[in-house]
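All remarks here apply to the structure that follows.
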Amino acid sequence: MRLGATIPYQGAARLARVAEDLGYDVLLAPEGYRSDAVSVLGLLAGATRRIGLASGVMQIPARPPGATALTAATLDALSGGRFRLGLGVSDPAVSQGWYGVPFDRPLARTREYVDIVRRALAGGPVTHDGEHYRLPAPGGDGAAPLHLRTERPPHRIPVYLAAVGPRALRLAGEIADGWIGVFAPPESVARAVGAIQEGRRSAGLDPAGYDVLLSLPVAVADDVGTAVDMLRGQYTYLLGIGDPERNVHCGLARRLGYGPAVRLLRERLAAGDRAGAAAALPEEFVDRTALVGPVPRLAERMRGYAEAGVTTLAVMASAADTTPDGRVRILRAAAAAAELAGGAS
């Protein structure tokens with residue numbers, strides 16, 4: 001199992017160089033309410049030399065597929081062939097509220113989107129007459145087709161999909177080179193891997209070489225309770241976004257049996273009690289979906305994830321309530337835990 005690091009835009013170059021020196025395999029730049037992925041990845045392409053770079057993830061409703069293909073090709077060229085394109089549909093609150101894009105039929109939309117991006121990255125002119133995307137647009141007689149001319153290394157840029165439900169996981173297996181998961185204990189990862197493999201088989205693809213990438217919050221402390229408390233703010237933020245019935249993270253928590261805790265958290269947020277909302281999170285929930293505690297305990301949990309089928313474990317350096325130096329310590333502790341676990345590097 002390889003190590004990755006999901007890093008914030010604050011202090012990104014420093015964290016990237018630390019991770020590269022420690023032997024991490026890939027850096028992921030998240031995209032959401034706080035920052036876009038592309039700006040950070042451009043910085044990281046210049047700040048590093050060897051480590052892989054990935055969007056974790058670029059939001060499908062934020063960009064037309066042609067813009068995403070051009071961005072991917074450019075980042076790959078700037079990084080000397082180190083880029084991996086991670087994509088996700090985001091959630092209804094962001095898709096509709098931020099970008100004015102409908103959230104209906106997200107799987108069909110994703111299938112078309114990835115198809116257009118892949119064909120554009122392959123180098124030829126691209127036209128597309130689909131349900132969700134049409135290139136050229138209607139009435140665009142004489143319009144130039146999508147045709148990238150970016151100079152870059154002669155290889156295929158890997159495409160990763162963020163996915164949660166069984167159908168989305170099967171689609172990720174069918175049309176992507178890797179999966180990006182979050183908020184998943186080992187048993188959930190094992191089920192996800194099964195669905196991904198179904199998708200691979202249905203498409204006649206070999207499961208070998210598929211990257212199962214899981215991004216987990218990490219907090220290091222001598223006792224679990226202290227480490228969990230360092231992550232409560234991040235969990236409250238993610239669980240508090242948008243409509244609780246359509247929030248992806250709320251759905252994941254409910255699937256794990258924490259529906260009552262989600263309801264209480266949302267009630268307290270609605271009442272303006274953010275501290276009370278954070279306190280409503282069961283310690284067990286955070287512990288099951290993060291890496292918390294001292295280094296030997298992190299190593300034990302890493303072994304469990306490797307056995308469940310994770311091939312890349314991405315350390316979320318930004319999730320814990322800590323300082324920039326504290327984020328560096330998290331990266332160092334995770335690397336030490338991976339070495340202790342054996343087989344992770």
Side-chain angles (χ1 to χ4, degrees), residues 1-2 4 6 25-26 28 31 52 54-61 65 68-69 72 83-92 95 103-122 126 128 130-133 155-216 246 248-249 251-252 254-256 289 304-314:
M1 186 174 72
R2 300 175 294 273
T6 300
D25 180 69
V26 64
L28 289 91
E31 184 164 88
S55 50
V57 297
M58 285 169 60
Q59 298 174 341
I60 286 175
T68 291
F83 181 62
R84 312 172 196 180
L85 176 61
L87 297 170
V89 293
S90 190
D91 62 26
S95 182
F103 198 73
D104 60 305
R105 303 195 64 197
L107 298 186
R109 189 183 302 274
T110 299
R111 184 184 291 277
E112 284 191 34
Y113 194 97
V114 171
D115 176 58
I116 294 169
V117 170
R118 282 204 186 277
R119 285 190 286 138
L121 289 173
V126 178
H128 185 83
E131 178 182 354
H132 299 282
Y133 301 99
H155 65 268
R156 187 173 183 262
I157 296 176
V159 174
Y160 289 58
L161 284 181
V164 176
R167 291 175 59 223
L169 288 162
R170 286 193 290 271
L171 180 67
E174 181 183 343
I175 68 173
D177 305 295
W179 169 62
I180 298 177
V182 295
F183 265 18
E187 61 271 22
S188 296
V189 171
R191 287 193 292 271
V193 169
I196 289 167
Q197 290 177 346
E198 286 180 22
R200 303 295 285 173
R201 288 192 294 269
S202 71
L205 299 172
D206 188 347
Y210 193 90
D211 194 7
V212 176
L213 190 159
L214 185 67
S215 186
L216 289 178
R246 305 182 77 183
V248 171
H249 299 92
L252 288 166
R254 282 191 289 268
R255 288 187 184 92
L256 293 174
T289 55
Y305 279 109
E307 292 169 359
V310 173
T311 52
T312 302
L313 193 150

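- Between L213 and W179, the closest side-chain pair of non-hydrogen atoms is not below 4.5 Å.
- Formation of a donor-acceptor pair under 3.5 Å by the E112 side chain with backbone atoms of Y133 is found in this model.
- There is no side-chain donor-acceptor pair under 3.5 Å between T311 and Y210.
- The pair D177-R84 does not meet the salt-bridge criterion, since no charged nitrogen lies less than 4.0 angstrom from a carboxylate oxygen.
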Review point. Do R105 and E131 pass the salt bridge (charged side-chain N to carboxylate O under 4.0 Å, His left out) test, and can you show the C-alpha distance, the side-chain angles, and the key distance before you say yes or no?
Key: CA-CA 10 Å; R105 303 195 64 197; E131 178 182 354; 2.4 Å; yes
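- Looking at every heavy atom in both residues, P92 comes nearest to F103 through CG-CD2, 3.5 Å.
- Minimum heavy-atom separation, L121 to A69: CD2-O, 3.4 Å.
- Judged by distance alone, the side chains of T6 and S215 do bring a donor and an acceptor atom under 3.5 Å apart.
- The nearest pair of heavy atoms linking S55 to I180 is O-CD1, 4.0 Å.
- No side-chain heavy atom of R2 sits under 4.5 Å from any side-chain heavy atom of L313.
- When every heavy atom of P61 is checked against every heavy atom of G88, the shortest pair comes out as CD-O, 4.1 Å.
- Contact annotation: the side chain of V159 approaches that of R118 to within less than 4.5 Å [non-hydrogen atoms, C-beta and beyond].
- One N or O on the side chain of R200 and one on the backbone of G173 form a donor-acceptor pair closer than 3.5 Å.
- In this structure, F83 and I157 have side chains that are in contact, with non-hydrogen atoms separated by less than 4.5 Å.
- Counting all heavy atoms, side chain and backbone alike, V117 lies closest to P65 at CG2-O, 3.6 Å.
- A donor-acceptor contact shorter than 3.5 Å links the side chain of T110 to the backbone of P106.
- Minimum heavy-atom separation, A195 to L169: CB-CB, 3.7 Å.
- Residues R111 and E174 are paired through a salt bridge, judged by an N-O separation under 4.0 Å between the basic side chain and the carboxylate.
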Exercise for review: Before giving the answer on side-chain contact (heavy atoms from CB on, under 4.5 Å), spell out for L214 and V189 the whole-Å C-alpha distance, their side-chain angles and the decisive distance to 0.1 Å.
Suggested key: CA-CA 8 Å; L214 185 67; V189 171; 3.8 Å; yes
